Protein chains: 2
Amino acid sequence: MAGTELRVGELAQQTGISVRTLHHYDEIGLLSPSRRSEAGYRLYTPNDLVRLQHILALRYLGFGLDEIRHCLIHPDYTLVRVIHLHIQRMQEQIAMQQLLCRRLEALATAFEQTDSVSVTDVTAIVEVIRTMEQYFTPDMLQELEERRKQIGPERIQQVEAEWPRLIAEVRTAIAEGVTPDSPMAQQLARRWMDLVHAFTGGNPQIAQALNTMYQQEPATAQRYGLDDTLFRFIEQAMPATPADEQ
Amino acid sequence: MAGTELRVGELAQQTGISVRTLHHYDEIGLLSPSRRSEAGYRLYTPNDLVRLQHILALRYLGFGLDEIRHCLIHPDYTLVRVIHLHIQRMQEQIAMQQLLCRRLEALATAFEQTDSVSVTDVTAIVEVIRTMEQYFTPDMLQELEERRKQIGPERIQQVEAEWPRLIAEVRTAIAEGVTPDSPMAQQLARRWMDLVHAFTGGNPQIAQALNTMYQQEPATAQRYGLDDTLFRFIEQAMPATPADEQ
DNA sequence: CCTTGACTCTCACGCAACGTGAGGTTGTAG
DNA sequence: CTACAACCTCACGTTGCGTGAGAGTCAAGG
């Protein structure tokens, strides 16, 4: 009977955990040895071993020590519910992490061919991501990200280089008094639409969200040299086209 | 100039974080205000605000405060690498969490129609899961889990109820001196194979892993009343069959 | 001038689950 | 008798703040 009792080191070795962990479980009252030797050594009985195995099984499943204590005290028929709740929590955590991961990937693709990236650059892109997360649904963002991957970095850079040129041209046209119904304006509008299409991929919901964003976020819009005057000009120059914007 | 300086509360409100967080960043030297008022109030300059925005951008991406400090000090061209390393770490974390989640789901399906589950039950199943994770690759485990979902809980329970019956029958047959080449033994072997097939789904790698597991883990095998005598009997009774086992 | 209330300051504990020594005692093998 | 392994009890460190406690500061109202 006495020979079946284990000391910390023995129990630790048998179960594959550290002595410190057993000390900890004793400290917090999760697993206190049934007996102590005269010298104060912890002596664990077979019953203690069984309890430890229960603890380790639950820990293996990712439960916290408090929850484990709860499970060991309370009647068993709540256990299934606890497990399902735990699964739910885990899935929420995974969703959060995946969101984070998508942000990082968006950032990485944004910097795909820039070699020297400053913290300021990162901050700027993060601002854009933050704003976009407010106006686009997670589905849309994933769709955008996937399209970026598909069409390749060269095309993206091409489009992103084209935008400021086009904006400058439109601004010049307005300044020179070009009317929205002139062929010149029509062609600018067509180029505009092409660029928008390259972003939305023809998804009208994304186009709608994009519109809402630029209307609600003049600060973001101004960073790209956009304002209401430009939008109105393009809108007027835009004839009846496949419902892609507006 | 002096009017542009912000006090903690103002800075906190502008950036959407807590005063305590600013105190904390000051404590650890991540963001110390450029100036203090005579009364000791923290006064943040526009430059401090910019630094804070950088910090918050990086925090938004899931970086730790130490890493953020590192990013703010060190030259920018390491930033891209840091981001990619971070993505990798996140993906590893997600993989871990998904592994945990799969364990929990396996547990949940195992208890799908049991209403009262004890911690002892959970411990037993966890032991099985642990053992299986040693012998089956993650791919195999996922395949097994998916098949369990497909074929439904009734069929699973049916199979699991059939096993002990069959094992008992085989044991009886051996005890009664039934020879492996008798029709009786042949039929037992056929039923055996059917049950094995229900588990492996005809995947020879899974069948192989299963075999290895029961050979290496006599402790697990014995819990189901299996031993070498049984295995040899079935093996001998088994005629040439579609290579599904052995 | 004094008080009130909003804002600020500096400690300092708490959380989750142990890791990692520090410094001292016990048990056993040579 | 003496190593040496194994045990004991503190107690701090980790991550990023939350949450008071107790006290000083500043502008406005009585």
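Quick caveat, the model's predicted, so the values are computed rather than measured. Chain letters run A, B, ... following the sequence lines, proteins first, then strands; residues in each count from 1.
- Legend: ring pair (Phe, Tyr, Trp, His ring centres under 6.0 Å) pairs involving residues 108-163 of chain A, not counting sequence neighbours, sorted by first then second residue: A:W163-A:W192.
- Heavy-atom neighbours of A:E112 CD from other residues, nucleotides or ligands within 6.0 Å: above the threshold of 12.
- With no hydrogens or angles considered, a side-chain donor-acceptor pair links B:H86 and B:R89 at under 3.5 Å.
- Only at 4.0 angstrom or more do the heavy atoms of residues 81-100 of chain B sit from any atom of DNA chain D, so none qualifies.
- Not a single donor-acceptor pair under 3.5 Å links the side chain of B:N211 to the backbone N or O of B:Q208.
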Strictly under 4.0 angstrom, non-hydrogen atoms only: write out the protein contact profile of nucleotides 18-30 of chain C, one letter per nucleotide from the 5' end, B, S or -. BBB-----BS---
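- Under the 3.5 Å distance criterion, with hydrogens and angles disregarded, no donor-acceptor pair is assigned to the side chains of A:T200 and A:N203.
- Checked against side-chain hydrogen bond (donor to acceptor under 3.5 Å, both in side chains), A:R69 has the following partners two or more places apart in sequence or in another chain: A:D66.
- Residues that satisfy the side-chain hydrogen bond (donor to acceptor under 3.5 Å, both in side chains) test with A:T123, not counting sequence neighbours, are absent from this structure.
- Along DNA chain D, the stretch of nucleotides lying under 4.0 Å from any heavy atom of chain A spans, 5' to 3', D:dA6 to D:dA11.
- Sorted by residue number, the list of members of residues 42-55 of chain B with any non-hydrogen atom under 4.0 Å from DNA chain D is empty.
- B:R51 contributes no side-chain N or O that, together with a main-chain N or O of B:S32, makes up a donor-acceptor pair within less than 3.5 Å.
- Straight-line distance from the CG atom of B:D26 to the C1' atom of C:dT8: 13 Å, rounded to whole Å.
- Residues passing the salt bridge (charged side-chain N to carboxylate O under 4.0 Å, His left out) test with A:R36, sequence neighbours excluded: A:D26.
- Listed by chain and number, the residues in a salt bridge (charged side-chain N to carboxylate O under 4.0 Å, His left out) with B:E133 are B:R103 (sequence neighbours excluded).
- Under the salt bridge (charged side-chain N to carboxylate O under 4.0 Å, His left out) criterion, B:E217 pairs with no residue, sequence neighbours left out.
- Remark: B:Q14 CD to B:Q53 CD distance equals 8.5 Å, nearest 0.5 Å.
- B:R147 pairs by the salt bridge (charged side-chain N to carboxylate O under 4.0 Å, His left out) definition with B:E143, not counting sequence neighbours.
- Counting only distance, with no hydrogens or angles, the side chain of B:N47 and the backbone of B:V50 share no donor-acceptor pair below 3.5 Å.
- A side-chain contact (heavy atoms from CB on, under 4.5 Å) with B:V8 is found for exactly one of B:L22, B:L43, B:T21, namely B:L22.
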Let's test your reading of the pairing rules: Watson-Crick or G-U wobble, both distances under 3.5 Å, then write DNA chain C as a dot-bracket string with ( ), [ ], | and dots. ||||||||||||||||||||||||||||||
